[in-house]
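Computed from heavy atoms alone, side chains included, the values below leave out hydrogens, waters and symmetry copies. None of these values were measured; they are calculated from a predicted model. Per chain, numbering begins at 1; letters A, B, ... match sequence-line order.
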Amino acid sequence: MKKENKKTNIMDNFVDQINQNKKLKYALICLLLCVAIALPKIGLSSFIIRVFTMIALYAILGLSLNLITGYTGQVSIGHAGFCAIGGYTSALLNVHFGMTFIFSAICAMIVAGILGLLIGAPTLRLSGTYLTIATLGFGEIVRMMALNWDWLTGGALGVSGITRPVIFGFELTTFNGGLYYLVLVLLLLVSLAIYMIIRSKMGRAFMAIRDDELAATLMGINTTRYKITSFVISAMLTGLGGAFYVHMVRFIDPNTFNFDISILIISIVILGGMGTMKGIYLGAALLISFPECLRFASEYRFIIYGLILVLMMRFKPEGILGGQSKKPYKMPSGIEGDYQ
Amino acid sequence: MKTKNKLLLEVQNLSISFGGLKAVDEVTFKVHEGEIVSIIGPNGAGKTTIFNLLTGIYKSDSGKVVFDGEEIQNRTPQEIVKAGIARTFQNIRLFKEMRVIENVLTGMHINTDYNFVDLLFRTKKFRTIEKEKTLKAIEILDSIGLADKISDYPSNLPYGDQRRLEIARAIATDAKIIILDEPAAGMNPQESEELLQFIKTLVQKGYTILLIEHDMSVVMNVSDRIYVIDHGRKVAEGLPEEIANNKLVIEAYLGKEVEDCA
Amino acid sequence: MKKNLILVLVLLLVTTSLAGCKSADSGKIRIAIAGPLTGDFAEYGTGFKNAVEMIAKEYNADGGVLGKEIEIVSYDDKNSGEEAASIAERIASDNSIVGVVGHFASGVCMAASPTYQEVGIVEISPSASHPDYSSEGDFIFRNNSLINVEAKETLTIASEVFDAKRVAILSVKTDWGTSTADILMNKLSKDFPNIEIVAHEEIVDGTVDFSPTVTALNAQNPDTIIVCAMYNILGPFASQYKDINPEINLVGFSNAYSEQLIELAKEDAEGIALPAIFFHNSTEPKVANFVSSYEEAYGSVPSSLTAQAYDSMGMIIEAIKASNATDRTKIKEALYDLKYEGVSGLTQFDSNGDALKTFNWLIIKDGQFVEYN
Amino acid sequence: MISQLIFDGLTLGMVYALVAVGYSLVFGILRLVNFSHGSVYAFGAHIAMVVVVTMGYGLIWGLCASIIVTGLLGVAIDKISLEPLRKKKSKQISALITTIGISYIIQNSLMIIFGSESKWFPKIFDLGIIKIGSVSLKSTQVGIFLTSLALLLILSYVIHYTKIGLAMRAIEQNSKAASLMGIDVNQVVSFTFFLGGASAAIAGTLISGYYQVINPQMGFIVGLKAFSAAVLGGIGILHGAVVGGVLVGLSESFAANYLGGGYRDAIAFLILIIVLILKPTGLFGKKHIEKV
């Protein structure tokens, strides 16, 4: 039977007890939801609201990377490039054509998706390592193109004066908590979309490719097409995250989304649990709040991210909330009988 | 002897060479519907290579493969599975981090036809197809006695169950012919006896099976016809009894008798 | 079961409460310093922090200001716009803080200024140079030379010190580098008829290999090169260019003025000239005393940006004294009509919040900076 | 002018080759891309700086110390973090992500210990200018070119004519069979990491001596470029890494001159992407057949 070493099973029991008791789990989830919604209203300083906004944003970025790395098994370490593409598209459309956030974000997703296709199509035919290399190169190329194409991106001067999102004439800022609710809604939409994709034939195809690509091919799955689909969807959602961030900070230059952002996103996915969704929320919450809480540690935070990657791979590769969940398989609606 | 019904799979002088070495040399054989045909031969004779050619992993140098009236040699693995040929692997290749039922559902991938919009917005079409496929998967798992392990993970199952799950996944593709690549490999006598019974139940259900196997006890007592391959060439074919005492077959396995050792 | 629920709630509370900011104790005048204390530009942020703390100590030594002690609150923005914006919101919501000296790079300053302007707290950047930084609002000040003023100075140096005829320009691809090069080539070359701009090369910040750039510039055989970059570029570039053409004249900018330049280029730094608003060996008592006490306290000679941070802090304190209040808006108004005689010369803000600076010229002679007159 | 660019490109190319060899060695044996190689290169340069600048020994001592210490770092990386994963038969992804984590730890530790600003490094092979015809050749360039060439020859000698070289090539073909032949696979893999670390240390020291400048982030970009060189030449093949290195060096030097300074780094990545699209196995690589 499965060998379980002593160190990690304390964490497993804690997580299992939560899962087993359905009532407690649902109570916990809606508790978290109410806290999330009430936050801006209970008079917390706008700084803390901003921390929670960033947690939600990085949860979106983590979920998108999780789609290609956690569910489809292809490691991408250039996702900051898609944030930059989404960010620049939305910024330029907003500054030059005065497009409001809703439309510019959609365009940002489309452009990021197209570039995901351009990078993904040639390299996803090959074994995993080549995609990782290409995405690393891609992240750097985007930064350099942003720096060199002054005519388009303003080069090192960047793009400033981006307007904040306006919904029904009401400007959303961190002060009035508007941005916080916007990112919560986006997080909800992205989570729903990914949940729908994973609980379907496409999600099963992704996971089959992750577990054994050759066997998946022989089950009739067109692995290249599905890997590209997963990569494009992941790029689009990351572009959306980039677009939101740019409208929050109202400024973007080539160094806004550098390699450190890619590493942060992959650390969130690894720490929380590859191939799960709840793991990503936990990973984002931990990794975004810890530099704020432990001020002295913020100087060492990059080393800590590095350590997380190494130690997690060594001791708990499936991440805190990852691994084989004990919950029974969630039958589609209409099928009774608890086949445990 | 089974009545000769429809010819399902016909392989005509199929061959492939890897850098000068003729791994498979002009092999020809037939499989009829509802039949169990076995291919036996010493290790490295080229049996698995033949299967890899059949299922599109390698591209053959020459020869034709006609399946259910359609030429399928050198087509992509996806097209061949859609045509109706499913297979298992010598070393079990299940999807370890997916549930047992999800492994079977993945087998049904080619026949679950709803598109991205259906799955994203959970349309009625999506819900009906998912429900129908899940029920079918449960039924298949029930038929192979794994109904109580639906939510479990393959890596937690005993070896025999894993092999049966792999076969169940192949069945789930609604294949007309199932290729079993040394299913009894690494099994103790008791497990291979269970496997033998299981294959027999499959035959009763009308599945056509192409079997590669070493375990003579399984081959001799379940196959309708047997082909013997040695050094990439077909050396013999016929009924199990004929093959059992065919001189060439014994030589291929045990080597030549030395006539006059002085 | 209850045990686990409590554990989860505790975890939630810990993260939120720890993230809260420190409680503000009244009775002290608190001024913030924000800059990169870690990462690539840590040396500049630390320089700001040291200078600001030093002048605060000096004022506290003789009774602080308005009878209250001055307390410095430092923030590390890691030179990232996102961090700066987050710090700006934390400072804005802590109304015990009356003024901010900081942010280092223009892009980072501009990410934070909207928040400072929105809530109305004075921000003086000792180093921002982006043309439209100070136009963000009336609370946004800059105690740093304007690009076009300093660029004109470098061209004057080129023509008078080196009697340059064929001038080439090397600029680093940062917001400051690009805009300076653009001003030099398009706006100012008209005012210097005897100078011909013969070439312009751009390099990415962090480059160490200049051989292709040196070859390209040398092809136009310029007699002088104006380098719009900091010491980490000017130093290696000087030594690599002098390998090919030892007689080349090099003109730098005030932000390249630091001991590290000589440290990096060693003897190839000889003859490099640059305009500076602060000169550490100057004979003026105020400057000499600042340099000696800084060196004694922090072990290194202050750069011109550190001197400007020192003066920026001094101006906020003087503004508090002049307006006799710790109200953020009154401090802002007092700053506009303040004439501050500091270590970086006489500083006065114009209506836009920019400082009008007077320059003196420095040249490197046998291994150290000397005043050129 | 052209010949000047060629010499600049060749010198750069030889150093990239030295680093690219490190990638190919490790990929050859473990089918693993060692992302921490760039930061090992920077680590080696800093060890040399400590010995030469802070302690004041000669450059030769700096080089030797750096080779030994960085080599041991390479072995430590393998022994501490990669070998347990091999023993645990964990997935390929885990090893890849571990090397990314390690590169992050090393680079940021260097930044904290040595500070992030650029520091001085003594000129290497400083014997003035060698004039051949109209071309002025810096002695450092010639020195670096020859040293790198010598080291690459030594490396290929070790690989092709020594016992441990034979073991390395055996493991590359089939590590299971090699272990059955009595080769201690883990010990040979550690030796490979030692070679990788040592070659990166030499490259790091040579580059710092060439530009007389050193900073903790030097490893990231050079690591990427050397990687493109290794893939261009055919990942896992030694002479491929050398040819790839020289090509990347030359294209960078020409791009910087004709397209402008901003494109010098981008050109290496464009080559990488083009190679991955046209011929992923690189110039000398051969198709890799997946066994079922």
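With contacts defined as side-chain heavy-atom distances shorter than 4.5 Å, the pair B:Glu97/A:Met207 does not qualify. B:Phe116 has its side chain within reach of A:Met202: a pair of non-hydrogen atoms, C-beta onward, lies under 4.5 Å apart. Side-chain contact between A:Ile221 and B:Ile110 is absent, with no heavy atoms from C-beta onward closer than 4.5 Å. You'll find the side chain of A:Met219 stays beyond 4.5 Å of the side chain of B:Val81, heavy atoms only.
Panel note: side chain A:Arg204, backbone B:His109; no donor-acceptor pair is recorded below 3.5 Å. Put simply, the side chain of B:Tyr114 gets close to the backbone of A:Lys201: a donor and an acceptor are under 3.5 Å apart.
Using a 4.5 Å cut-off between heavy atoms, B:Ile101 contacts chain A through its side chain alone, with no backbone atom that close. There is no contact between B:Phe121 and chain A, counting heavy-atom distances below 4.5 Å. In this structure, chain A has a heavy atom under 4.5 Å from the backbone of B:Asp113, while its side chain stays farther away. Proximity to chain A (any heavy atom under 4.5 Å) is restricted, for B:Thr173, to the side chain, taken from C-beta onward.
Within a 6.0 Å sphere centred on NZ of B:Lys136, other residues, nucleotides and ligands contribute more than 12 heavy atoms. No more than 12 heavy atoms of other residues, nucleotides or ligands shown are found within 6.0 angstrom of NZ on B:Lys30.
Between chain A and the residues B:Glu102, B:Arg122, B:Met108, the most heavy-atom pairs under 4.5 angstrom are made by B:Arg122.
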